[in-house]
Protein chains: 2
Amino acid sequence: MATPTPQTAAPGGLRERKKQRTRDALIRAALELFTEQGYEATTIDEIAEAVDVSQRTYFRYFANKEEVVFAVQEMVEARFLEELSARPASEAPLTALRSAVMVAWDDIGGAIESVIPVELHMRSYRMIESTPALVAVHLRRSSELEEQIARLIARREDLDVDTDPRPRVLVAAFSGVMRVAGKVWGEGQDCSVASIRELTKSYLDHIAPAIDDDWHTAGEADTR
Amino acid sequence: MATPTPQTAAPGGLRERKKQRTRDALIRAALELFTEQGYEATTIDEIAEAVDVSQRTYFRYFANKEEVVFAVQEMVEARFLEELSARPASEAPLTALRSAVMVAWDDIGGAIESVIPVELHMRSYRMIESTPALVAVHLRRSSELEEQIARLIARREDLDVDTDPRPRVLVAAFSGVMRVAGKVWGEGQDCSVASIRELTKSYLDHIAPAIDDDWHTAGEADTR
DNA sequence: GAGGCTAATGTCAGCCACTGACAGTTGACA
DNA sequence: TGTCAACTGTCAGTGGCTGACATTAGCCTC
């Protein structure tokens, strides 16, 4: 039973392409409606109607009302994790994180724009922060992602994430910086992908000197 | 139009007492059902029926299904914030936080037990952690509480929470310790209020020497 | 290129969370 | 005791979400 569906980016047949188009259209319509008239004030029927599909079809693409809001972030995160796993083990942890972010932004910037205008993504970002139900989901997603990253880093460095605090601490710092970068970007005027990329880069450069070192050659696990 | 309802703890008339009893019964029934058969598997009709009130009445006491889950924590937090506001300005920030927690635990321990058995509270704690929807709400509540505490601390010390990072940093550390204490308690066997109190105390004593100092006499705002 | 296979979609019925409106009941208080 | 206001129940309705079943439409083979 060799995987019948390639699942890769390149759309094999018409069916795949059609599905992708429906999915993208749902995301765009949903975000457009949410940002215009508010998340709670928008019904799924409206979204489905805008894309000319049934409500039932919406729920075949997204498990619930929130999921469509985070679809784009999901893409970015998946790309980031994939890239992080691929970084050579010789890189120091923070360097790997940094490189992965940069590569992720580079080759997903275009992909994002093909789904939704970046400006809409930015408006969505602000909408999330002003909708309690979405803030909650956002926080949970963030904490889950942090956990995943910490485990990846620990594996790279061949450490136990439950006994050595360094992976989680590093990831916490890293995530904190990423969060601030995202926040500043959300408040600013320049809503290009390039701008958030640069913002992230400069912020990461700030903490790098302070915590980036090889965890195997420089001083033993110093938990003081 | 002077506030017609005293709203204080002491139950004035029969009406107040009856309301309190209904509320407590709803909390107890809800947590009992949730922990026994799962959060999602429990309907509000079941909870209402167990207390012998209508579903509509449930929603007059709690805004939604989640709220009842956090009712006890809400009590503890309110008591803590109240106590923190009352601490003398002469106390160093972390000392004030520490004292407020201790006082809050001391005089609310009994109040909790009057509403639900502590053992049920502990089971609820574990249920929250294993229910994604509740984890999300829990995280949002925590971050909101952190923000409140940081503002309170900043006001005490006469600082601007948006320019001076110290209040938020201290509160982040404090909250982190509290979270760990809660987690350890949840995993342990001893589900008494006294045990979480002592756990908290000892954990806080660990970080105290590291970060507790008077922010006005010891070294200027050192943001390095 | 006709026909079978299967994935994708539409339709329908139904559960549950949640809300507004209105009516009935019951403490509070003169 | 009677009036008022608070509390509660009932009912109808909306919206999120799901299972079951019928229908449509790519895909693949002969």
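A, B, ... follow the sequence lines: proteins, then strands. Residue 1 opens every chain. Only a predicted model underlies this, so the values are computations on that prediction, with no experimental measurement involved.
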Rounding to a whole Å, what distance do you find between A:F34:CZ and D:dG16:C1'? 11 Å
Checking A:Y125 now: which residues fulfil ring pair (Phe, Tyr, Trp, His ring centres under 6.0 Å) with it, not counting sequence neighbours? none
In Å and rounded to the nearest 0.5 Å, what is the CD to OG distance from A:Q73 to A:S142? 7.5 Å
Whether A:R28 and A:E32 form a salt bridge (side-chain N of Lys/Arg under 4.0 Å from carboxylate O of Asp/Glu) is what I want to check. no
Pair B:E146 + B:R168: basic N to acidic O under 4.0 Å: no
Any pair counted as side-chain hydrogen bond (donor to acceptor under 3.5 Å, both in side chains), so long as it reaches residues 59-68 of chain B, sequence neighbours left out: none
Does a nitrogen or oxygen in the side chain of A:Y61 sit under 4.0 Å from OP1 or OP2 of C:dT9? yes
Give me the distances for all protein-to-nucleotides 24-27 of chain D N/O pairs that come in under 3.5 Å?
residue	atom	partner	partner atom	Å
D:dG26	OP1	A:K18	NZ	2.8
D:dG26	O3'	A:R15	N	3.4
D:dG26	N3	A:R15	NH2	3.3
D:dC27	OP1	A:L14	N	2.9
D:dC27	OP1	A:R15	N	3.1

Would you mind listing every ring pair (Phe, Tyr, Trp, His ring centres under 6.0 Å) that reaches into residues 17-57 of chain B, with sequence neighbours excluded? B:F34-B:Y39
Can you confirm whether the side chains of A:Q55 and A:E49 place a donor and an acceptor under 3.5 Å from each other? no
Whole angstrom is fine here: how far is it from CZ in A:R17 over to C1' in C:dA7? 16 Å
For A:T57, answer base if it contacts any base atom (sugar-phosphate contacts may also be present), sugar-phosphate if it contacts only those atoms, and nothing otherwise; contact means non-hydrogen atoms under 4.0 Å. sugar-phosphate
In B/S/- notation, 5' to 3', how is nucleotides 15-20 of chain C contacted by protein heavy atoms closer than 4.0 Å? -SSBBB
Inter- and intrachain pairs under side-chain hydrogen bond (donor to acceptor under 3.5 Å, both in side chains), touching residues 127-139 of chain A, at least two apart: none
